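What follows is a set of notes on a single structure, which appears directly below.
Only this structure's heavy atoms are used, side chains among them; waters, hydrogens and symmetry mates stay out. This is a predicted model, so every value here is computed, not measured.
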Amino acid sequence: GVIAGETVLGRSGSLIFSASPDLAEEALVGGASSALTNDRGETYLTYDGGPVIKLFRGVEPGINPDLELRRFLTDRTSFGGLTSTSGSIEYRSGDTWTLGVVQPPLDASDTAWNRFADLCVRWMAEVGSIEAPDEPAGGDWASCDPIVDSLPEPRLVAEAQELAVRLGRVTADLHLALGSFSEDPDI
């Protein structure tokens with residue numbers, strides 16, 4: 001299976017399971033498993049809080065860009081803002097077809113987007129009954145003093161600002177990592 005790095009030979013090609021050394025042999029053995037599909041149509045096989053297999057849809061010949069970028073960022077850069085890749089599932093028959101990747105479990109509620117959306121919902125719930133400020137003369141909001149400090153519920157606004165700053169830093173680090181090896185024309 002995935003853990004052992006096995007190859008299953010078929011009539012027309014081979015199914016290849018690769019695993020990183022940090023993936024425990026018992027991680028995908030026993031226990032309950034389930035298949036989940038998120039709102040973006042991505043399907044995940046989960047194993048009792050252990051690793052997750054992300055299956056790709058619309059599989060095409062070649063290495064899937066998700067796997068290719070993961071390998072590049074983890075093997076050739078020091079970028080730390082990516083969940084590790086613990087393995088992959090590929091089909092080889094002349095071409096290589098990436099079917100999925102194995103990764104640690106990801107708490108979907110703890111993504112930056114979900115945390116930011118939660119802050120927005122909480123802020124709207126707090127300020128929903130507060131009357132909006134009058135529009136400035138001429139309608140030019142840019143000519144006004146910054147309103148962040150005068151916004152209701154500044155604690156929630158400050159949390160959103162901190163999250164935006166962290167997201168900006170990770171995005172900048174990602175761009176630096178992607179640009180760090182210009183001799184690779186595929187990246």
Side-chain angles (χ1 to χ4, degrees), residues 1-117 163 166-187:
V2 174
I3 308 305
E6 292 179 10
T7 298
V8 178
L9 300 175
R11 288 185 193 172
S12 300
S14 302
L15 196 56
I16 299 164
F17 300 93
S18 63
S20 64
D22 64 331
L23 188 61
E25 178 69 41
E26 62 277 354
L28 300 178
V29 178
S33 65
S34 61
L36 308 167
T37 301
N38 66 18
D39 58 351
R40 293 185 305 272
E42 298 169 333
T43 300
Y44 294 86
L45 302 177
T46 63
Y47 295 89
D48 261 349
V52 173
I53 298 176
K54 175 182 178 182
L55 298 173
F56 297 123
R57 57 190 173 110
V59 177
E60 298 176 2
I63 298 173
N64 183 285
D66 187 333
L67 178 59
E68 187 174 27
L69 279 173
R70 287 169 174 272
R71 285 177 176 164
F72 174 79
L73 290 169
T74 56
D75 296 348
R76 297 184 59 196
T77 74
S78 60
F79 180 68
L82 179 70
T83 184
S84 63
T85 301
S86 302
S88 64
I89 305 171
E90 297 174 301
Y91 178 74
R92 290 193 187 144
S93 177
D95 283 318
T96 297
W97 304 64
T98 308
L99 305 178
V101 295
V102 182
Q103 62 191 40
L106 177 66
D107 180 2
S109 66
D110 198 32
T111 65
W113 176 255
N114 287 341
R115 290 178 64 199
F116 188 78
L163 182 58
R166 286 198 324 260
L167 233 101
R169 285 188 186 124
V170 170
T171 301
D173 290 345
L174 173 63
H175 284 266
L176 288 171
L178 289 172
S180 65
F181 287 94
S182 60
E183 77 273 2
D184 191 339
D186 293 331
I187 301 295

Answer yes or no: is there a side-chain heavy-atom contact under 4.5 Å between [X] and [Y]?
| X | Y | result |
| --- | --- | --- |
| L36 | V52 | no |
| V102 | F17 | no |
| L99 | L15 | yes |
| S18 | S88 | yes |

Reported [atom1]-to-[atom2] distance for the pair [X] and [Y], which is rounded to 0.5 angstrom:
| X | Y | atom1 | atom2 | value |
| --- | --- | --- | --- | --- |
| S33 | L45 | OG | CG | 7.5 Å |
| Y44 | T37 | OH | OG1 | 10.0 Å |
| T46 | I53 | OG1 | CD1 | 10.0 Å |
| I89 | N64 | CD1 | CG | 12.5 Å |
| D75 | R70 | CG | CZ | 12.0 Å |

Does OH belonging to Y91 count more than 12 external heavy atoms closer than 6.0 Å?
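Counting neighbours around OH of Y91, more than 12 heavy atoms of other residues, nucleotides or ligands fall under 6.0 Å, so yes.
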Donor-acceptor under 3.5 Å (T77 side chain, F79 main chain)
yes
Donor-acceptor contact present, side-chain S93 to main-chain S12, <3.5 Å
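A pair under 3.5 Å: yes.
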Worked check of side-chain contact (heavy atoms from CB on, under 4.5 Å) between D66 and F56
CA-CA 9 Å; D66 187 333; F56 297 123; 3.7 Å; yes
Candidate pair L82 and T74, rule side-chain contact (heavy atoms from CB on, under 4.5 Å), full reasoning
CA-CA 8 Å; L82 179 70; T74 56; 4.1 Å; yes
If I compare all heavy atoms of L67 with all of T98, which pair ends up nearest, and what's the gap?
CD2-CG2, 3.6 Å
Where do F72 and A177 come nearest, in terms of heavy atoms and distance?
CE2-O, 3.6 Å
How far apart are the C-alpha atoms of R71 and T85, what are their side-chain angles, what is the distance that settles it, and do they pass the side-chain contact (heavy atoms from CB on, under 4.5 Å) test?
CA-CA 8 Å; R71 285 177 176 164; T85 301; 5.9 Å; no
Check R92 with E90, please: is the shortest side-chain N to carboxylate O separation under 4.0 Å?
yes
Identify whether the distance between the nearest side-chain nitrogen and carboxylate oxygen of D173 and R169 falls below 4.0 Å.
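Result for this pair is no, no salt bridge flagged.
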Results of salt bridge (Lys or Arg N to Asp or Glu O under 4.0 Å) for E42 - residues two or more places apart only
R40, K54
Please evaluate residues L69 and L178 with respect to the criterion side-chain contact (heavy atoms from CB on, under 4.5 Å), reporting the C-alpha separation (whole Å), side-chain torsions for both, the decisive distance (0.1 Å), and the verdict.
CA-CA 9 Å; L69 279 173; L178 289 172; 3.7 Å; yes
For T7 and S14, run side-chain hydrogen bond (donor to acceptor under 3.5 Å, both in side chains): C-alpha distance rounded to whole Å, both residues' side-chain angles, the deciding distance at 0.1 Å, then the answer.
CA-CA 6 Å; T7 298; S14 302; over 6 Å; no
